[in-house]
J.: 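The structure under discussion is supplied below as structure tokens; questions concerning it will follow.
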Amino acid sequence: MGIGKILIADDEPHIRRIIGYNFKRVGYEVIEAADGKEAVDLSLKEAPSLIILDVAMPEMDGYEACLAIKSNEKTKHIPIIMLTARGQEIDEKKGLDVGADVYETKPFSPRMLIKKVEEVLGSEITTGA
Amino acid sequence: MSKNGRKINLAKCYTDLLENYLDGGKEHEDEVVRCFAEELIKQNLDPEIIVDTHLAYLQELASKISLERSFDVIWKSATLLFQLIGAYGSVCKSLSDVKPSNHQGLKLLLRNAENRKREIFRKKNMVETIINGITHGIIVIDNNSMVSMINPAAEEILGLSREEIMGANISSLFFSQHLGAGFFQQKVRACFRKELRLNDRVIRFRMTPANFSADDSQNEGLPLGNIVLLEDITQEKEVDRVKTEFVCNVSHELRTPLASIKAYVETLLYDVDDEDKKVQKEFLSIVNDETDRLSRLVGNVLDISKMEAGLFKFNCGSIRLKDDISKAVDSFLPTAKNKKISLSCHFDKSLPKSIFIDADALKQLINNLVGNSIKYTPKGGFVRVDVKKTNSLKMSTPKREGLVVGNASCENKETDKDSFVEISVSDNGMGIPDAELPRIFDKFFQGKSSQNAAAGTGLGLALVKQIVEANKGVIGVISKEGKGSTFIIKIPLIEVKE
């Protein structure tokens with residue numbers, strides 16, 4: 001089914017629920033990870049089309065997870081949107097340094113997030129990578 | 001020659017002799033004195049005049065004493081007088097009755113000189129005590145960048161001993177990598193400041209040109225050297241860092257529930273089917289919970305500043321101990337279930353039904369301790385709350401299977417009550433490293449190991465401690481890294497008879 005598979009990695013179940021609800025609503029398949037380690041595992045096992053990644057997570061934080069996903073040949077092509085409550089410029093730089101494609105801060109608008117995902121996935125198709 | 005004329009000549013004679021004496025080495029001393037005494041004898045002078053003239057000269061000097069050098073002069077001069085009288089006496093036996101000890105003028109002079117000496121030493125001691133005791137490092141360097149003085153604080157800041165530093169060229173010792181190789185060669189006319197990192201400390205470096213001459217006109221205002229001041233500002237920087245980190249943590253903690261509220265409200269507003277009452281209710285109840293979480297956080301921040309300012313008012317009343325604690329613990333059941341953590345609450349039979357306490361404060365104690373335990377306990381673990389009555393202030397883990405015995409840190413305060421409510425919250429979570437135990441009740445402190453797992457404000461335990469202490473209770477923790485922790489609070493029990 002669907003137009004793509006989104007992996008949502010966030011330790012807050014409420015955040016996973018609302019992002020999941022919105023993406024399912026517009027036709028995406030959704031899988032969830034509650035920590036960084038699970039996110040890395042699922043990115044390998046489930047081959048999602050895109051990952052929405054929180055930063056402050058137990059086990060392995062978002063930066064480490066992002067680095068792990070982006071340094072693995074099998075998963076490095078998957079676009080990552082880092083979605084975090086850490087809003088300092090230095091945090092954003094760090095996020096982009098470890099390979100995140102987009103850095104978004106919380107609070108966020110679910111509609112804008114869907115738009116962002118469509119942009120990222122759309123541009124991927126047009127560049128024909 | 002008149003008596004006066006002889007006096008004047010003699011004074012001139014003395015001045016020349018003294019200057020000769022002071023400039024010459026010790027080896028000439030005896031000879032100078034003997035020659036002079038012979039000269040005096042030849043002139044057949046009255047010994048009274050000799051002594052009086054010398055005294056007048058010394059007194060004039062004494063009145064002008066302002067520097068240590070003048071002080072040296074007067075002492076040398078007084079010594080000379082004794083020797084002179086002695087030498088004169090040995091040549092001319094008739095002078096044997098003139099002894100320094102029975103000459104009133106000399107006694108007075110010596111007393112003045114002694115007082116003057118004490119005063120100078122006292123001032124010198126005072127200045128030395130200040131320089132040695134001050135926490136700022138002070139280094140004095142001359143115009144060739146050689147270190148001519150250093151105080152103990154500077155030795156400590158540099159991590160070098162006095163022997164290694166004194167007389168050395170300052171640029172060969174340190175700072176070159178911070179200030180550039182030629183820094184000390186250039187003439188510094190105004191104060192120079194810079195912050196440096198030295199041996200893992202942050203040091204504020206200040207250099208001021210200094211004029212050490214007693215006489216300004218001699219060097220036309222050019223500095224004779226520089227004073228380097230070193231101030232260890234590591235702690236200030238740390239306070240600053242902790243504050244910044246606190247602001248970041250608080251903003252992160254505020255944004256997290258805010259993010260939920262915003263996302264749920266926006267979705268409810270535009271994207272949930274009007275007919276879908278079930279989802280509407282689910283979402284609204286999440287918004288409700290997250291709003292509570294947000295208010296709790298804001299409340300914590302405000303409470304702690306109020307408590308610190310002594311403005312917090314406890315509103316004590318009779319409460320049903322078991323009901324209130326159970327209710328507070330039970331509010332964590334959904335979170336615990338989510339992490340598959342078993343959460344239980346146990347009450348000892350000896351407890352009275354009702355006690356006198358601030359219900360909100362009690363709830364906050366439970367919330368913060370149980371909340372922490374759940375946060376730092378991995379999936380599948382346990383968190384248990386034990387409540388009992390006790391007469392002892394000793395901190396020990398409740399004797400139950402599975403609870404750790406580790407190192408304890410507790411804040412003991414005298415209290416006059418003899419029975420207490422003891423609430424202990426135990427878990428088999430990540431525990432607290434020994435090194436962090438003494439600091440966990442500090443405001444804004446967050447353990448290294450806890451930073452990634454679950455960011456917080458670092459206020460929870462600080463607030464718990466404040467509440468416990470404001471209620472004349474004690475708090476302690478027994479923990480072992482990797483095994484778990486038990487937090488114990490004991491609050492004086494005020495029973496309410498029904």
Side-chain angles (χ1 to χ4, degrees), chain A residues 8 10-28 30 32-38 52 54-67 81-92 94-95 104-116, chain B residues 244-245 247-273 276 278-280 282-294 297 334-335 337-340 374-379 429-430 446 449-456:
Chain A
I8 303 163
D10 201 306
D11 61 334
E12 292 273 329
H14 292 161
I15 295 288
R16 294 199 300 271
R17 169 79 175 108
I18 194 66
I19 298 175
Y21 178 88
N22 278 287
F23 278 93
K24 278 181 202 155
R25 183 177 58 77
V26 293
Y28 287 94
V30 169
E32 295 181 12
D35 59 58
K37 211 170 158 293
E38 207 181 341
I52 294 171
D54 181 28
V55 170
M57 284 188 293
E59 302 293 331
M60 186 190 256
D61 72 22
Y63 296 130
E64 291 171 293
C66 184
L67 199 61
I81 295 183
M82 222 170 232
L83 181 65
T84 167
R86 294 164 69 133
Q88 287 200 312
E89 274 170 34
I90 180 130
D91 300 322
E92 175 163 359
K94 204 171 160 191
E104 285 288 314
T105 53
K106 291 174 183 171
F108 64 99
S109 148
R111 294 188 148 205
M112 290 301 288
L113 190 63
I114 291 171
K115 234 174 141 183
K116 213 76 250 164
Chain B
T244 313
E245 202 177 287
V247 171
C248 283
N249 283 340
V250 168
S251 89
H252 180 273
E253 290 296 285
L254 290 172
R255 278 175 195 221
T256 303
L258 204 58
S260 283
I261 295 168
K262 159 82 186 157
Y264 279 92
V265 169
E266 189 191 288
T267 309
L268 274 168
L269 201 54
Y270 304 114
D271 299 312
V272 176
D273 190 345
D276 196 346
K278 199 173 155 239
V279 166
Q280 283 173 20
E282 183 206 338
F283 284 8
L284 281 171
S285 103
I286 291 171
V287 170
N288 192 38
D289 289 349
E290 292 293 294
T291 314
D292 286 347
R293 180 172 160 192
L294 202 55
L297 180 76
T335 326
K337 199 179 153 204
N338 208 353
K339 275 186 88 174
K340 299 186 179 67
I374 292 178
K375 192 153 99 178
Y376 298 123
T377 299
K379 270 183 193 164
M430 60 204 290
Q446 283 203 290
S449 42
S450 70
Q451 281 171 357
N452 282 344

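Heavy atoms only: backbone and side chains are in, while hydrogens, waters and symmetry mates are out. Per chain, numbering begins at 1; letters A, B, ... match sequence-line order.
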J.: Measure from the side-chain N and O atoms of B/Gln280 to the backbone N and O of B/Asp273, and report whether any donor-acceptor pair falls under 3.5 Å.
T.: yes

J.: With a 4.5 angstrom heavy-atom cut-off, could you sort out which part of B/Tyr270 is near chain A: side chain, backbone, both or neither?
T.: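 Contact with chain A involves both backbone and side-chain atoms of B/Tyr270.
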
J.: With chain B as the partner, which of A/Ala34, A/Pro13, A/Ala85 has the greatest number of non-hydrogen pairs under 4.5 Å?
T.: A/Ala85

J.: Under the side-chain contact (heavy atoms from CB on, under 4.5 Å) criterion, do A/Glu12 and B/Thr256 qualify, and how do the steps go?
T.: CA-CA 9 Å; A/Glu12 292 273 329; B/Thr256 303; 3.7 Å; yes

J.: Do any of residues 284-294 of chain B come closer than 4.5 Å to chain A, heavy atom to heavy atom, and if so which ones, in number order?
T.: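 Those residues of residues 284-294 of chain B which have a heavy atom under 4.5 Å from chain A are B/Ile286, B/Glu290, B/Arg293.
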
J.: side-chain contact (heavy atoms from CB on, under 4.5 Å) between A/Thr84 and A/Asp91: does it pass, once the steps are laid out?
T.: CA-CA 9 Å; A/Thr84 167; A/Asp91 300 322; 6.0 Å; no

J.: The test is side-chain contact (heavy atoms from CB on, under 4.5 Å); show your working for A/Glu104 and A/Ile52 and say whether it passes.
T.: CA-CA 10 Å; A/Glu104 285 288 314; A/Ile52 294 171; over 6 Å; no

J.: In a check of side-chain contact (heavy atoms from CB on, under 4.5 Å) between A/Ile8 and each of A/Ile15, A/Leu83, A/Ile18, A/Val30, which one passes?
T.: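 That would be A/Val30; it is the only one of A/Ile15, A/Leu83, A/Ile18, A/Val30 passing the side-chain contact (heavy atoms from CB on, under 4.5 Å) with A/Ile8.
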
J.: Any donor-acceptor pair under 3.5 Å linking the side chain of B/Lys339 with the backbone of B/Ile374?
T.: yes

J.: Please check: side-chain N/O of A/Glu64 versus main-chain N/O of A/Met60, any donor-acceptor pairing under 3.5 Å?
T.: no

J.: Is A/Arg86 salt-bridged to A/Asp61, going by a charged N under 4.0 Å from an acidic O?
T.: no

J.: Hey, mind stepping through B/Asp271 and A/Arg111 against side-chain contact (heavy atoms from CB on, under 4.5 Å) and telling me if it holds?
T.: CA-CA 9 Å; B/Asp271 299 312; A/Arg111 294 188 148 205; 2.8 Å; yes

J.: Checking the side chain of B/Asn338 only, and the main-chain atoms of B/Pro334 only, is there a donor and an acceptor separated by less than 3.5 Å?
T.: no

J.: Report, in residue-number order, which members of residues 260-268 of chain B are under 4.5 Å from chain A by heavy-atom distance.
T.: B/Ser260, B/Lys262, B/Ala263, B/Tyr264, B/Glu266, B/Thr267

